[in-house]
Every structure is written in structure tokens, then in C-alpha cells.
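Heads up: the structure comes next, in C-alpha cells.
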Amino acid sequence: MELVITVDRSDDALFVRAKGEVDLGTVAQLDSALDAACDEVSPPMAVVADLSGVTFLASSGLSALVRAHERCTAAGTPLRVLVGNRAVLRGFEVTGLDKVLDLRESE
């Protein structure tokens, strides 16, 4: 399955929206979009990684989110992660990343 990334801006955040599967074959797209977002945004704006359309998130995707978290944090920019799929959320819980990242369940 492919991964589709879209980016849009609100008054207080830059949204990186992913739809599809994040695995070794597609993680570079997510990584690149998050890097660009972290570079583009300055405080008090936030970067929001909207994964509500993601149906599968491999460990490589979790690593990309950790890298984005570190990069945004170094720049003083908050990174929020929205998750809508229980299976995707489980990966964050098993690894303990639900305690590290600003993780929110989308409606």
C-alpha cells in the first residue's frame, strides 16, 4: 500500500497528515515531511503529525517520529502526534513512546 502525505497550516500549527501504511518502503516520505515541518515552523506554532489515516506503523515509523520529536524540541517547537487506529496506538504503548511523545487520540 502507498503512503500519501499532505501538509496544511492552521493559525497555530502545521499539520503533516499521513494516510496509508508507514513501513520501510514509505517511511522516508514521512521522515522528509516531518523534517521540513520542523524546519518551517517556529514557536509558538506546533507541528502536528496526524496519523489518523495510518493503518500500519512499523518500527521505522516510530523512529521517524522520535527523530522529529528531537528535532522539534531542539528548536523549541512542540510536536503533537494524532492517532486514530488502535493497532497503531498499540505500537506507541508497547514501546513506551506514549509517555515520551505528546500523543493524542483523534476522534
Side-chain angles (χ1 to χ4, degrees):
M1 181 173 200
E2 70 178 83
L3 180 67
V4 176
I5 303 278
T6 57
V7 178
D8 59 272
R9 180 184 292 267
S10 71
D11 290 339
D12 62 348
L14 184 66
F15 288 82
V16 176
R17 300 183 195 280
K19 184 175 182 179
E21 295 184 356
V22 179
D23 57 24
L24 280 175
T26 61
V27 71
Q29 290 174 257
L30 179 62
D31 210 15
S32 176
L34 289 171
D35 273 354
C38 289
D39 285 345
E40 183 177 333
V41 172
S42 58
M45 285 189 74
V47 172
V48 178
D50 183 350
L51 307 181
S52 57
V54 171
T55 56
F56 175 78
L57 184 68
S59 60
S60 56
L62 293 172
S63 294
L65 289 162
V66 169
R67 284 190 299 276
H69 169 72
E70 290 170 349
R71 186 168 189 166
C72 285
T73 299
T77 302
L79 173 71
R80 298 186 193 112
V81 181
L82 298 178
V83 179
N85 181 311
R86 183 73 187 126
V88 170
L89 180 61
R90 184 77 180 126
F92 288 97
E93 293 170 344
V94 167
T95 59
L97 288 175
D98 60 327
K99 307 287 190 269
V100 175
L101 300 174
D102 183 353
L103 192 65
R104 300 168 188 209
E105 291 187 62
S106 63
E107 282 89 55

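One is the number of the first residue; the rest follow in order along the sequence. Scope of the values below: all heavy atoms of this structure, side chains included, with no hydrogens, waters or symmetry mates.
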Do the side chains of Leu97 and Leu103 get nearer than 4.5 Å, heavy atoms only?
-> no
Tell me, with the steps shown, if Thr26 and Asp23 meet side-chain hydrogen bond (donor to acceptor under 3.5 Å, both in side chains).
-> CA-CA 5 Å; Thr26 61; Asp23 57 24; 3.3 Å; yes
Any residue meeting side chain to side chain donor-acceptor pair (under 3.5 Å) with Ser10, in chain and number order, not counting sequence neighbours = Asp12
Minimum heavy-atom distance between Ala33 and Val16, given as atom pair plus value | CB-CG1, 3.8 Å
So, do Leu62 and Leu57 sit near enough that their side-chain heavy atoms are less than 4.5 Å apart?
-> yes
Examine distances only and state if a side-chain atom of Ser63 and a backbone atom of Ser59 form a donor-acceptor pair shorter than 3.5 Å.
-> yes
Side-chain (Gln29) to main-chain (Ile5) donor-acceptor, under 3.5 angstrom | no
Could you list all the disulfide (SG to SG under 2.5 Å) pairs where at least one residue sits in residues 56-97, not counting sequence neighbours?
-> Cys38-Cys72
Residues Leu24 and Ser60: closest non-hydrogen pair is N-OG, 3.7 Å
Shared ILVMFWY cluster between Leu89 and Val48, side chains joined below 4.5 angstrom?
-> no
Check Leu65 against Leu51 and note the closest heavy-atom contact, atom names and distance.
-> CD1-CD1, 3.7 Å
So, are Glu93 and Arg90 salt-bridged, with charged N and O less than 4.0 Å apart?
-> yes
Joint cluster assignment, Phe15 & Val4, ILVMFWY side-chain distance < 4.5 Å | no
Side-chain touch Arg71/Thr77, heavy atoms, less than 4.5 angstrom | no
Phe92 to Val88 - nearest heavy-atom pair and separation = CD1-O, 3.4 Å
